[in-house]
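Only one structure is covered here, and it is reproduced in the block below.
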Amino acid sequence: MKQYIIDAFTNQVFHGNPAAICVMDKWPDEKFMMNLAMENNLSETAFTVKEETGYHLRWFTPTCEVGLCGHATLASGYTLLNFYEQSKDSVTFHTLAGQLTVSRKNKKYEMQFPNIPLERVKVTTEMIEALGTIPLDAWMGKDLDLICILQDADQVKNYLPDAELLKKLPGRMVHITAPGFDGYDCCSRCFGPKIGILEDPVCGSAHCQIIPYWAKRLGKDIINAWEASARGGDLQGEIINENTIIIRGEAVLFAQSDINYNL
């Protein structure tokens with residue numbers, strides 16, 4: 001089995017969000033996939049198998065399988081288009097989140113992702129305690145994550161996460177976001193202690209919720225976003241319609257290896 005480690009949403013190694021991508025002829029058992037994700041100890045290890053119409057793609061954190069992951073989808077598209085499908089400019093994945101497409105456009109990769117509806121929720125004492133500040137507003141992405149709006153970029157950059165307090169908040173993950181800086185429309189950080197990730201360095205699926213919020217607030221269809229984690233990450237989102245968003249980013253190969261496992 002070939003495994004590639006790709007840094008997504010960046011053009012420099014040691015930046016962006018690393019994902020391990022395993023390209024296989026057939027599926028191993030779930031215990032092996034879970035063990036490999038735990039061994040890699042990255043926010044996502046993705047497994048993909050070619051089918052008659054595209055590829056089947058699954059994503060695993062070190063503790064569980066998840067239903068949607070942006071950076072590992074971008075990394076999977078990068079891997080296939082650069083090492084397996086060099087003559088093509090796009091690849092289609094069949095996933096738990098439905099059909100997802102990654103297209104190569106010059107140096108960037110575009111992903112057609114769901115535009116996740118948001119519902120405003122009450123700011124609670126648990127949110128204030130977990131974040132160490134009073135959010136200006138709070139939203140829930142449909143069946144997904146909690147998004148808390150902070151006053152400025154410094155609050156986002158300086159936040160020190162507490163896993164136990166974050167676990168008490170609703171949603172799969174917790175995202176904090178504020179107006180951007182240095183030409184970016186917004187900045188964000190993303191936390192998922194419930195799924196074994198204290199902080200996800202650059203979360204693509206989060207921006208299926210964050211981008212629509214800022215697009216509506218700023219009256220723009222295209223949003224340039226910065227993930228303000230220690231590694232940092234550069235994303236661009238474009239609202240296509242009420243159901244679809246395009247997320248763009250670069251990616252770079254860090255390593256490739258052979259996994260010693262007999263399928």
Side-chain angles (χ1 to χ4, degrees), residues 3-10 16-24 27 30 33-34 36-49 54-81 91-103 109-116 141-147 171-175 188-212 225 227 229 231 233-237 244-252 254:
Q3 178 172 271
Y4 303 80
I5 297 180
I6 309 297
D7 289 338
F9 297 117
T10 183
N17 200 353
I21 310 302
C22 297
V23 183
M24 309 168 298
W27 292 105
E30 290 200 8
M33 292 191 284
M34 195 65 258
L36 183 56
M38 184 171 57
E39 181 79 9
N40 286 329
N41 199 31
L42 299 173
S43 57
E44 300 291 341
T45 295
F47 299 86
T48 185
V49 172
Y55 286 79
H56 192 162
L57 177 64
R58 298 173 69 180
W59 311 281
F60 289 78
T61 77
T63 62
C64 64
E65 183 173 9
V66 297
L68 180 64
C69 177
H71 85 280
T73 302
L74 187 152
S76 297
Y78 173 95
T79 299
L80 293 175
L81 292 173
V91 60
T92 299
F93 294 110
H94 305 288
T95 77
L96 288 175
Q99 182 174 298
L100 304 175
T101 300
V102 179
S103 301
Y109 294 81
E110 293 187 351
M111 301 183 291
Q112 291 188 25
F113 263 39
N115 183 342
I116 297 176
K142 181 175 173 57
D143 301 324
L144 204 54
D145 303 334
L146 173 67
I147 301 169
R172 181 193 66 153
M173 295 182 71
V174 176
H175 312 301
S188 307
R189 288 174 65 193
C190 306
F191 309 96
K194 290 181 182 177
I195 55 174
I197 308 165
L198 177 56
E199 181 168 5
D200 196 10
V202 193
C203 185
S205 63
H207 285 81
C208 295
Q209 303 154 90
I210 293 170
I211 295 292
E227 185 95 11
S229 64
R231 292 176 64 101
D234 190 341
L235 311 89
Q236 184 183 79
T244 305
I245 180 174
I246 288 178
I247 295 179
R248 299 183 180 95
E250 295 183 77
V252 61
F254 170 65

Heavy-atom closest contact ([X] atom, [Y] atom, distance):
{"X": "Met173", "Y": "Cys190", "value": "CE-CB, 4.2 Å"}
{"X": "Pro114", "Y": "Leu100", "value": "CD-CD2, 4.3 Å"}
{"X": "Glu227", "Y": "Cys203", "value": "OE1-N, 3.7 Å"}
{"X": "Gly204", "Y": "Ile247", "value": "O-CD1, 3.4 Å"}
{"X": "Cys22", "Y": "Leu36", "value": "SG-CD2, 3.6 Å"}
{"X": "His71", "Y": "Pro18", "value": "NE2-O, 3.4 Å"}

Please tell me whether [X] and [Y] have a donor and an acceptor in their side chains that are separated by less than 3.5 angstrom.
{"X": "Asn115", "Y": "Thr244", "value": "no"}
{"X": "Trp59", "Y": "Ser76", "value": "no"}
{"X": "Arg172", "Y": "Ser205", "value": "yes"}

Using the rule given for side-chain contact (heavy atoms from CB on, under 4.5 Å), can you reason through Leu80 versus Tyr55, listing the C-alpha separation, both sets of side-chain angles and the distance that settles it, and then say yes or no?
CA-CA 10 Å; Leu80 293 175; Tyr55 286 79; 3.8 Å; yes
Salt-bridged, Glu30 to Arg58, with N to O below 4.0 Å?
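Answer for the salt bridge query: yes.
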Side-chain contact test, heavy atoms from C-beta onward, threshold under 4.5 Å: evaluate it for [X] versus [Y] and give yes or no.
{"X": "Pro212", "Y": "Ile116", "value": "no"}
{"X": "Thr95", "Y": "Leu68", "value": "no"}
{"X": "Asp200", "Y": "Arg189", "value": "no"}

